[in-house]
Trainee: 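This is the structure I have questions about; it appears just below.
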2 protein chains.
Amino acid sequence: MAEVTLKNLAEMLNLSISTVSRALKNHPDISNETKVKVKELAAVLDYEPNTYAINLRTNHSREFGIIIPSISNDFYQSFISSLEEEVRLYGYSLIILQSGNNQVTELENLKRCKQNRMAGVFVSITSNTSDISNFLKLDEQHIPIIFFDKVPSFEACNKVCVDDNYAATLAAEALISKNKKHILSIFGNPKMSITTKRLKAFEATFKKYNSDANVVIQSTNSTEEAFQMVQYYLNEKERIDAIFCMSDEILIGTMKAIQVLGLKTPNDVGVIAISEGIIPTFYHPQITYIETSGFKLAKMAFSRMLACVAGSTYVQELKIESVLVQGGSL
Amino acid sequence: MAEVTLKNLAEMLNLSISTVSRALKNHPDISNETKVKVKELAAVLDYEPNTYAINLRTNHSREFGIIIPSISNDFYQSFISSLEEEVRLYGYSLIILQSGNNQVTELENLKRCKQNRMAGVFVSITSNTSDISNFLKLDEQHIPIIFFDKVPSFEACNKVCVDDNYAATLAAEALISKNKKHILSIFGNPKMSITTKRLKAFEATFKKYNSDANVVIQSTNSTEEAFQMVQYYLNEKERIDAIFCMSDEILIGTMKAIQVLGLKTPNDVGVIAISEGIIPTFYHPQITYIETSGFKLAKMAFSRMLACVAGSTYVQELKIESVLVQGGSL
DNA sequence: AAATTTAGCGCAAACGATTGCGAAAATGTT
DNA sequence: AACATTTTCGCAATCGTTTGCGCTAAATTT
């Protein structure tokens with residue numbers, strides 16, 4: 001069965017291609033009579049305009065790209081899931097490109113976005129991407145870029161990210177209000193900006209409230225390290241009464257240790273985390289956490305993207321304020 | 001800065017468009033001299049062929065679609081992650097379409113794939129999709145479809161899925177070899193084919209080995225239900241000595257209950273699950289599980305897809321045999 | 001030197017949809 | 001009835017790339 005094209009329809013109806021095209025688009029030049037005839041046949045034959053032809057003509061497609069280090073991460077997962085919904089509702093498609101936290105692959109992906117003349121690109125950069133000139137080149141092709149989550153420090157670009165200061169502050173305040181005195185605070189890789197930001201705000205909050213709490217700051221690179229560390233600290237004489245986990249990764253290791261030692265939250269030890277929100281529900285009582293969900297972030301990133309596609313050249317840095325989700329672990 | 005096109009290059013070099021095109025493609029009709037000139041200019045100006053024009057001409061794009069109920073699922077996540085890698089290596093792109101387990105959305109997504117004349121579509125159907133005629137229509141447009149994971153029962157289509165019989169059998173054998181006698185076996189929604197398949201094979205295995213174990217079969221629809229159920233059974237007089245969890249969802253609820261009761265695996269109670277593999281590492285000791293990873297499945301699905309794209313009309317149902325991953329929970 | 005081959009390149013159509021412009025037909029106006 | 005206007009539609013170009021065919025001039029053969 002041959003494809004149904006305007007040409008096809010035109011021949012069948014003894015009309016010109018242009019008339020058929022206009023009829024389908026309700027162009028005022030076309031009589032009602034012909035419109036009806038054309039539309040009927042189009043419906044019967046299930047005519048669908050050829051996307052490729054339209055893309056060629058308009059020189060842009062209704063596709064967005066998203067470049068991320070890896071899908072296998074709760075945060076990106078919720079971000080993508082949420083973004084895909086929005087994108088679909090607006091008649092766009094979403095193309096996923098993983099960089100595997102590799103700069104070369106990241107660049108290749110970027111090139112793909114350029115080649116495919118995508119309507120726009122969402123990017124969360126790899127942890128060692130510093131030169132973003134290649135990203136900015138897309139602007140020449142009028143392909144807007146929205147950076148999210150892991151954003152470059154360069155100023156003149158659109159960014160949407162979690163307010164790390166605020167999230168860490170909320171966590172610190174929660175610990176202070178619960179009157180915790182011996183707090184183990186576990187952070188991630190100190191090279192990452194996310195870590196330094198959170199750490200800074202965390203410590204500043206304790207100072208601000210003139211807290212007399214003994215706050216032990218530690219950093220880890222993996223769930224396993226957190227697991228070992230928590231076991232070590234919970235076996236110390238002067239018992240830790242609360243643990244702060246900067247990420248889901250750390251939270252998982254922390255909870256493993258707590259369980260191995262046969263302890264329970266919140267009585268034996270309090271736990272609070274900054275989390276995407278899924279992992280905290282895996283425990284009972286559910287973990288109290290500061291939410292840094294990808295859902296909201298995706299909505300914001302998308303609305304910013306729409307503005308850019310519509311022609312906004314205005315550059316913005318948006319931050320999402322997290323909220324404290326009360327579980328029973330603190 | 002204007003786009004660099006063949007026309008542009010041709011004018012600059014005082015050549016015809018066709019010559020430029022052929023020069024770039026190393027056509028034998030073109031002299032070496034011109035080839036060099038053309039290629040040099042193309043390189044300098046960073047010429048990139050217009051994908052839209054090529055798509056229009058060839059009437060197909062290098063894009064695959066993937067339609068799934070939801071991304072927020074470890075299995076799909078690993079599947080997509082793995083698939084995206086393959087797809088990218090072969091110069092294709094992957095477009096994600098979530099159906100939200102909704103048949104209407106699923107159909108819309110399918111239509112999008114047809115409209116965009118994708119090179120092929122990977123589909124995991126919603127739990128209540130029974131009529132797959134719409135999927136088969138894509139064949140008319142020469143768009144191959146590979147069903148994966150949740151596949152229709154209809155025979156004449158390409159399917160790639162986990163061998164549920166084998167996975168459940170492995171789990172049962174593990175329980176038998178550990179000499180467990182009071183086994184709580186928790187399955188998912190009995191309406192889903194995945195549940196009935198696993199249940200059937202599970203029971204059959206106990207029979208086959210003439211096991212005298214007391215196997216309690218239960219079904220749940222959520223993590224919360226599993227949580228309640230396990231608490232109930234573990235409080236009974238005749239103590240359960242092992243729990244089988246058909247899915248990650250159930251495993252999470254089960255472990256919550258075990259922790260609330262202050263029990264430990266494997267001594268107080270053994271646990272074994274069929275799982276994607278991430279969740280089992282969240283506990284200590286790690287949960288012993290039968291792997292149903294999306295990674296391998298994605299590789300298989302992709303190679304099958306390549307064959308179809310290459311013209312294979314041959315229809316196949318492929319199954320992946322799971323393996324037992326030894327943790328310390330049984 | 002004439003005839004034939006071959007190397008090197010350009011013309012033009014095609015993919016399918018859109019749109020400015022012009023033309024014919026229908027209607028209205030004097 | 002002659003002219004002006006409006007309705008209704010078709011021609012042809014365009015987006016960028018590819019490709020069959022034909023053309024010219026040089027190289028080869030006779």
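In the text below, chain A, chain B and the rest are named by the order of the sequence lines, each starting its count at 1.
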Trainee: E11(B) vs K7(B), test: salt bridge (charged side-chain N to carboxylate O under 4.0 Å, His left out). Steps then yes/no.
Mentor: CA-CA 6 Å; E11(B) 281 170 3; K7(B) 197 176 170 184; 5.1 Å; no
Trainee: Whole angstroms only, please: what is the CG-P distance between D29(B) and dC11(C)?
Mentor: 15 Å
Trainee: Roughly how many Å is it from CZ in R22(A) to P in dC21(C), rounded to a whole number?
Mentor: 12 Å
Trainee: Only counting residues at least two apart or in another chain, list the ones meeting ring-ring contact (aromatic ring centres under 6.0 Å, His included) with F79(B).
Mentor: F148(B)
Trainee: So, for E106(A) and I67(A), which heavy atoms are closest and what is the spacing to 0.1 Å?
Mentor: CG-CG2, 4.3 Å
Trainee: Under a 4.0 Å N-O cut-off, is there an ion pair linking E3(B) with R117(A)?
Mentor: yes
Trainee: Between S78(A) and S81(A), does any side-chain donor sit less than 3.5 Å from a side-chain acceptor?
Mentor: no
Trainee: Can a side-chain donor-acceptor contact be found between Y76(A) and D149(A) if the only test is distance below 3.5 angstrom?
Mentor: yes
Trainee: Looking for any heavy atom pair under 4.0 Å, which part of the strands does L15(B) touch: base, sugar-phosphate only, or nothing?
Mentor: sugar-phosphate
Trainee: Is it true that S61(B) and Y52(A) share a donor-acceptor pair across their side chains at a distance under 3.5 Å?
Mentor: yes
Trainee: If I take atom CG in residue N116(B) and atom C1' in nucleotide dG16(C), what distance separates them, rounded to the nearest angstrom?
Mentor: 15 Å
Trainee: What's the NZ-P distance between K25(B) and dC9(C), to the nearest Å?
Mentor: 18 Å
Trainee: Look at the side chain of S18(B) and the base of dC11(C), then say whether one donor and one acceptor between them are separated by less than 3.5 Å.
Mentor: yes
Trainee: How would you give the extent of chain B contacts on DNA chain D, as first and last nucleotide 5' to 3' within a 4.0 Å heavy-atom cut-off?
Mentor: dC15(D) to dG20(D)
Trainee: Tell me the interatomic distance from E33(B), atom CD, to dC9(C), atom C1', rounded to whole angstroms.
Mentor: 13 Å
Trainee: Would one find more than 12 heavy atoms of other residues, nucleotides or ligands at under 6.0 Å from atom NE2 of H142(B)?
Mentor: no
Trainee: DNA chain C: T19(B) or T19(A), which has the more 5' nearest nucleotide?
Mentor: T19(B)
Trainee: How close or far is atom P of dC9(C) from atom CG of L13(B), stated in whole angstroms?
Mentor: 11 Å
Trainee: Throw together a table of side-chain donor-acceptor distances under 3.5 angstrom for residues 38-48 of chain A, partners on residues two or more places apart or in other chains.
Mentor:
unit_1 : atom_1 : unit_2 : atom_2 : d
K39(A) : NZ     : N26(A) : OD1    : 2.9

Trainee: Taking atom types as modelled, is there a side-chain donor on S93(B) or R112(A) under 3.5 Å from an acceptor on the other?
Mentor: yes
Trainee: May I have the distance from L6(B) (atom CG) to dC9(C) (atom P), rounded to whole angstrom?
Mentor: 16 Å
Trainee: Note down the inter-axis angle between the two ends of the helix from dA1(C)-dT30(D) to dT30(C)-dA1(D), five pairs each, to the nearest 10°.
Mentor: 60°
Trainee: Tell me every residue that passes side chain to side chain donor-acceptor pair (under 3.5 Å) with S18(B), counting only those two or more places apart in sequence or in another chain.
Mentor: S16(B)
Trainee: I need the CD-P distance between E11(A) and dG16(C), as an integer number of Å.
Mentor: 11 Å
Trainee: Quick one, which residues of residues 51-63 of chain A touch DNA chain D with a heavy atom under 4.0 Å?
Mentor: L56(A), R57(A)
